[in-house]
Each structure stands twice: as structure tokens, then as C-alpha cells.
Amino acid sequence: MIKHRGFPGRLTGTDFQYVIRRASKAGPTKIIKRERYRDRKAMDRAADAGFLAALWRHFGEEPFERGNLDAGRISWLFGREVVAAEDPFDPESYEALLRVDRKRAEAAFPEIFAPDAPPVSDDDWDDDDEGDD
């Protein structure tokens, strides 16, 4: 499992995680398309926006490997702002390729793409678990 060094570990000041520390012994969690309802809490929407902003800053429109990115957080954006970058796509693989669909991401989260958008926090995990791959 690739670890995306420099990617924020979580939404600053919350427990909304963006990455996982190590691969699951039971295998990768399946990426699914989760329904986002209008009445979601503001913090849930902020976590989506923060994660998408981090994806955009880290990868842009280039395909990226799922690696240690949190499947639950990806699932809130999957099939809309984040799409499969390969066919066939394996939603239960750490090596699965994804990409940000800029057109859909910009429509859903215009504040991320604004010229005066604030920088994404670099609140990253400690790299003290190097041997846990």
C-alpha cells in the first residue's frame, strides 16, 4: 500500500480522517458511492471540501493510486467529484486508480477552485510507523 506523504491526515481540529496508518489485515475497505443528502451537517460538508481540496492540491487532474487514502472519505465523493481512472475498476484494491473530475468538483465545491482559496492544512500523520506497510 502506497503512503501519500505530505497528504493531510485529517480535517484540522476534528476526527474526520483522510488517511489510514496501515493496511487492514482483513483487506481494503470497499469504495462505494454514498448518497449525500441536503441536510448533512456542516462539519460533514467541511470534511468533504477539505478532502477534495487536499486531493486537488496533491494530485490535480492526474490519476492517483488509492493507497492509504481513507475509503470512507473517498466514498462520499466517489462517482461524482472523484471517479475511477481505470477500467475495470477494483473498489477493494489499495492499487486502484482514481482521479478528480475537475468539472464536477468545481461545480460542487467552487470555493476550492477560487483564486483566493485558502491553503489546505498540512496536518499530517507522524511518519513513525515506517515498518508497518
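With sequence neighbours left out, the salt bridge (Lys or Arg N to Asp or Glu O under 4.0 Å) criterion links Arg73 to Asp48. Residues passing the side-chain contact (heavy atoms from CB on, under 4.5 Å) test with Ala84 are Phe89, sequence neighbours excluded. Here Phe64 pairs with Phe59 under the ring-ring contact (aromatic ring centres under 6.0 Å, His included) rule; sequence neighbours left out. Glu95 meets the salt bridge (Lys or Arg N to Asp or Glu O under 4.0 Å) test with no other residue; sequence neighbours excluded. Listed by chain and residue number, Lys33, Arg36, Arg104 satisfy the side-chain contact (heavy atoms from CB on, under 4.5 Å) test with Arg80 (two or more places apart in sequence, or in another chain).
When every heavy atom of Ala49 is checked against every heavy atom of Glu111, the shortest pair comes out as CB-OE2, 3.9 Å. Of all the heavy atoms in Tyr94 and Ala23, the pair that sits closest is OH-CA, 3.5 Å. Nearest heavy atoms, Glu81 versus Ala108: OE2-CB, 3.1 Å. For the pair Arg38 and Arg45, the tightest heavy-atom approach, listed with the atom from each and the gap, is O-NH1, 4.2 Å. Pairing each heavy atom of Val19 with each of Phe7, the nearest pair is CG1-CD2, 3.7 Å. The shortest non-hydrogen separation linking Phe16 to Ala47 is CG-CB, 3.7 Å.
Between Lys103 atom NZ and Asp101 atom CG the span is 8.5 Å, to the nearest 0.5 Å. Asp90 contributes atom CG, which lies 11.0 Å from atom CG of Leu97 (distance to the nearest 0.5 angstrom). To the nearest 0.5 Å, atom CD1 of residue Ile112 and atom CG of residue Leu52 are 4.0 Å apart. Taking OH from Tyr18 and CG from Leu11, the interatomic distance works out to 4.0 Å, rounded to the nearest 0.5 Å.
Lys3 places a side-chain N or O within 3.5 Å of a backbone atom of Arg21 that can act as its donor or acceptor partner.
In the hydrophobic cluster analysis, where Ile, Leu, Val, Met, Phe, Trp and Tyr join through side-chain heavy atoms closer than 4.5 angstrom, Met43 is grouped apart from Trp76. A continuous path of Ile, Leu, Val, Met, Phe, Trp and Tyr side chains, each step under 4.5 Å between heavy atoms, connects Leu77 with Phe113, placing both in one hydrophobic cluster.
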**Request:** Check the pair Arg99 / Val83 against side chain to side chain contact (heavy atoms under 4.5 Å, CB included), numbers first and verdict last.
**Result:** CA-CA 6 Å; Arg99 70 174 179 81; Val83 296; 3.8 Å; yes
**Request:** Let me see the working for Leu98 and Ile31 under side chain to side chain contact (heavy atoms under 4.5 Å, CB included), right down to the final yes or no.
**Result:** CA-CA 11 Å; Leu98 301 161; Ile31 295 173; 4.3 Å; yes
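Side chains of Leu69 and His4 form a contact here, defined as non-hydrogen atoms less than 4.5 Å apart. Using a 4.5 Å heavy-atom threshold, the side chains of Val82 and Phe51 count as separate.
Counting only residues at least two apart or in different chains, salt bridge (Lys or Arg N to Asp or Glu O under 4.0 Å) contacts with residues 59-71 are absent.
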